[in-house]
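Chain letters run A, B, ... following the sequence lines, proteins first, then strands; residues in each count from 1.
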Amino acid sequence: MVVTRFAPSPTGYLHIGGLRTALLNYLWARKNGGKFYLRIEDTDLKRNSQEAMEAILQAFEWVGLDYDGEVVYQSKRFDLYKQYVQQLLDEGKAYYCYMSKEELDALRAQQMERGERARYDGRYRDFDGTPPEGIDPVVRIKAPQDGTIVVQDGVKGDISISADEVDDFIIARADGTPTYNFVVAVDDATMGLTDVIRGDDHLYNTPKQLVVYEALGFTPPKFYHVPMINNEQGKKLSKRDGATDVMDYKSMGYLPEALLNFLVRLGWSYGDQEIFSLEEMLEKFNPKDLNKSPSSYNLDKLNWLNSHYIKNCSNDQLAKMLEAFDIYIFSHDKKEILLDESKERSKTIKELAQNVYMIVTDPEEFDKKAVKKARKNADILKEFKAYLGQIEQKLHLPSDYHQVIETFLNKNDLGFGKLGQPLRVALLGQMAGPGLDVVMSTIGKDQTLKRIDTAVEFFERQEG
RNA sequence: GGCCCCUUCGUCUAGCGGUUAGGACCCAUGGUUUUCAUCCAUGUAACAGGAGUUCGAUUCUCCUAGGGGUCACCA
């Protein structure tokens, strides 16, 4: 049985790096038919926020990750932690420390001045005198004073850390609330975690947590510390580098499949394969294949993946997603034609919306350069309009319009460009864009004639 | 600064002592296409540096350099 968890602190939105660790844990648990829990690290009562919690849940829902059981809130498990703190106190594995904050700060300052590493000096470790008045003590755990602590990491191998790097750290604050490294160890153990996949930044917490495991007699889980995601310059990813909030990707028009695919390939690979559906990730992911080195976030790759997923997305789904961008074409009679054409040239749903908009609505303005070129053949455009206008048979599909254009060109012995340029400008307002037959088919004959009229008028006003 | 970790094309990566160092994104070129894209084909491009070990190192060891992480009564 594999049991994993994702344990964010509710300090804001769900970070893109957080989503990756969540995904990795999710995959490993689900692949093995195990459990994946969501736990909220909110022991610091001053810092938790309900909105942050909702943001995380919302992001989970968008990307389609789910978790087993109820969300575990550490703030609701204080009784349990208190019990374990007391146990350690009773067994002499932890002790009250009456050092005030000021004293601690002073000690630290001295150590820094001497170029030493700041660490608690253990002055109350074996204290049995009369405690000073007026001090609410903290509880510190007795960490080993010599030897080494070995972190067995599934990604990086064994990492040895000298015991004097780990001081007697605080497990309960003066107000009685427990601290991070203590509760993480207690929770991971009592929740039955077998595998902990987390960011590299937690590597240094691991020896501390091992001290807690040891003191409490728990067996530690298997740890995997995955390297961080850096920005394109190889530096720490920050808001300046673009979106770090998972939900920003939704509003920018990325598909969750693309985002997950992108993230899973950062630090993990399976041969030469680039495209992974969730099912394939489930089938192929194994934390032993995780990379040791950090990776850089690369928007080009995400865009490529996103355009891939857009092309492979059903038009119904696309039409639904477009509604978030104020494009409503779900019941458009040419929905399939329109989207088949537009999705080939869209990297995001936002771009798709723009491309659809360009076809469906009359041009709001005409591109200057395009007009300059197109105007020369305004007469041909007029003739085409007349020709199209007198056709009586029903025109429906792009191929019908294609036929009309062909016939017209043959009859007048013209090359495509002569008509194509002005027609494209008339229909779209610019020179690049979707196939003209598709545009005409989508908007229909009447609308086509109308757009041509407007354009011709515009061209003529430009004369001179 | 102390401690720990990392280092293959610009980027994501394959490689697990002997390879013309492979794939993907990006970029360039050509083809398909009514334009733009898509699609297809081809191409440019990497083992951070230095010592070892070895018949032979991208692969193992050490050193250097560079990058990252961490040093709270935050998580």
Could you run down the sub-3.5 Å N/O contacts of the protein with nucleotides 60-65 of chain B?
none

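- By the side chain to side chain donor-acceptor pair (under 3.5 Å) test, A:K382 pairs with A:E460, sequence neighbours left out.
- In this structure, A:Y387 and A:F408 have tilted ring planes: the angle between them lies in the 30° to 60° band.
- A donor-acceptor contact shorter than 3.5 Å links the side chain of A:D121 to the backbone of A:R123.
- Here, B:U58 and B:A75 have their P atoms 48 Å apart, quoted to the whole Å.
- Across all strands shown, B:A24 forms a Watson-Crick or G-U wobble pair, both distances under 3.5 Å, with B:U11.
- Taking the charged nitrogens against the carboxylate oxygens, A:K156 and A:D200 do have a contact shorter than 4.0 Å, which makes a salt bridge.
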### Query
Is there a ring pair (Phe, Tyr, Trp, His ring centres under 6.0 Å) between A:Y96 and A:Y124 once you walk through the steps?
CA-CA 7 Å; A:Y96 288 110; A:Y124 283 98; over 10 Å; no
Are there any protein N/O atoms within less than 3.5 Å of an N/O atom in nucleotides 1-9 of chain B, and if so, which ones and at what distance?
residue : atom : partner : partner atom : Å
B:G2    : N2   : A:R117  : NH1          : 3.3
B:C3    : O2'  : A:Y204  : OH           : 2.6
B:C3    : O2   : A:Y204  : OH           : 3.1
B:C5    : O2'  : A:K156  : NZ           : 2.7

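- Looking at residues two or more places apart in sequence or on another chain, you find a salt bridge (charged side-chain N to carboxylate O under 4.0 Å, His left out) between A:E41 and A:R39.
- Rounded to whole Å, atom C1' of B:G68 lies 13 Å from atom CG of A:L237.
- For the pair A:K311 and A:A172, both in contact range of RNA chain B, the more 5′-proximal nearest nucleotide belongs to A:K311.
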Show me the donor-acceptor pairs, under 3.5 Å and distance only, between side chains in residues 207-216 of chain A and residues at least two apart or in other chains.
residue : atom : partner : partner atom : Å
A:Q209  : OE1  : A:R198  : NH2          : 2.8

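- With hydrogens and angles ignored, no donor-acceptor pair under 3.5 angstrom links the side chain of A:Q273 to the base of B:G23.
- Contact annotation: A:S295 reaches the phosphate of B:U13 (side-chain N/O to OP1 or OP2, under 4.0 Å).
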Might you list the N or O atoms of the protein lying below 3.5 Å from N or O atoms in nucleotides 31-33 of chain B, with each pair's distance?
none

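- B:G23 and B:A14 have their C1' atoms separated by 7 Å, given to the nearest Å.
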